[in-house]
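Following: one structure in structure tokens, then a few remarks.
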Amino acid sequence: MPRIVVDVMPKPEILDPQGKAIVGALPRLGFTSFSSVRQGKRFELTVDGEVTEAILAQARDAAETLLSNPVIEDVVNVEVVEA
């Protein structure tokens, strides 16, 4: 069954305390090449049958109205992934 993957990230101007905590922990674990981390959310919507343009439009609408908080987050990706 195909899936629609939706990725949501905090807007650039919004503080990301989880990202700050992760970037602080990385060097202590030996990962020294990274200077910044932003943590987001990923949603996987499983579709029974074919993903039509109408279903993809519904997924985009759900991403903008339910899966993200448009005040502080951006929907950065909505794509179909074959299972």
Side-chain angles (χ1 to χ4, degrees):
M1 284 186 263
R3 290 174 295 155
I4 299 172
V5 175
V6 177
D7 295 313
V8 177
M9 293 295 293
K11 290 183 181 273
E13 62 272 14
I14 300 297
L15 295 176
D16 182 4
Q18 291 172 313
K20 294 268 188 214
I22 293 166
V23 81
L26 286 171
R28 293 191 299 270
L29 298 171
F31 302 103
T32 59
S33 300
F34 309 106
S35 61
S36 178
V37 174
R38 302 282 290 169
Q39 182 175 338
K41 300 185 285 189
R42 174 184 168 114
F43 298 92
E44 295 183 1
L45 309 171
T46 302
V47 177
D48 292 328
E50 181 183 349
V51 178
T52 64
E53 283 301 318
I55 291 173
L56 197 53
Q58 285 182 8
R60 287 187 185 107
D61 189 36
E64 294 289 340
T65 59
L66 177 65
L67 305 179
S68 69
N69 178 344
V71 174
I72 61 170
E73 296 173 319
D74 290 324
V75 176
V76 296
N77 186 44
V78 178
E79 69 177 330
V80 178
V81 177
E82 295 299 323

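The chain is numbered in sequence order, starting from 1.
- Residues satisfying the salt bridge (charged side-chain N to carboxylate O under 4.0 Å, His left out) criterion with Asp61, sequence neighbours excluded, are absent altogether.
- Heavy atoms only, all atoms of each residue included: Thr32 and Pro27 are closest at CG2-CA, 4.4 Å.
- The environment of CG in Leu15 is sparse: at most 12 heavy-atom neighbours from other residues, nucleotides or ligands sit within 6.0 Å.
- Under the 4.5 angstrom side-chain criterion for Ile, Leu, Val, Met, Phe, Trp and Tyr, the cluster partners of Val76 are Met9.
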Counting only pairs under 3.5 Å, give me each side-chain donor-acceptor contact of residues 45-52, with atom names and distances, residues two or more places apart or in other chains.
residue	atom	partner	partner atom	Å
Thr52	OG1	Ala54	N	3.4
Thr52	OG1	Ile55	N	3.2

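- Val23 and Ser36 make their closest contact through CG2-N, 3.7 Å (heavy atoms, listed as atom of the first residue, atom of the second, distance).
- Under the 4.5 Å side-chain heavy-atom criterion for Ile, Leu, Val, Met, Phe, Trp and Tyr, Ile4 and Val81 are members of distinct hydrophobic clusters.
- Sorted by first and then second residue, the salt bridge (Lys or Arg N to Asp or Glu O under 4.0 Å) pairs involving residues 62-71 (not counting sequence neighbours) form an empty list.
- Note on residues 33-45: pairs passing salt bridge (Lys or Arg N to Asp or Glu O under 4.0 Å), not counting sequence neighbours, are Arg3-Glu44, Lys41-Glu73, Arg42-Glu44.
- What you find for Pro70 and Ser68 is that their closest heavy atoms are CD-O, 3.3 Å.
- Pairs of residues two or more places apart, or lying in two chains, that qualify as salt bridge (Lys or Arg N to Asp or Glu O under 4.0 Å) and include a residue from residues 5-34 are Lys11-Asp74.
- In this structure, Leu67 and Val8 approach most closely via the heavy-atom pair O-CG2, 4.2 Å.
- Counting non-hydrogen atoms of neighbouring residues, nucleotides and ligands closer than 6.0 angstrom, the CD atom of Gln39 exceeds 12 such neighbours.
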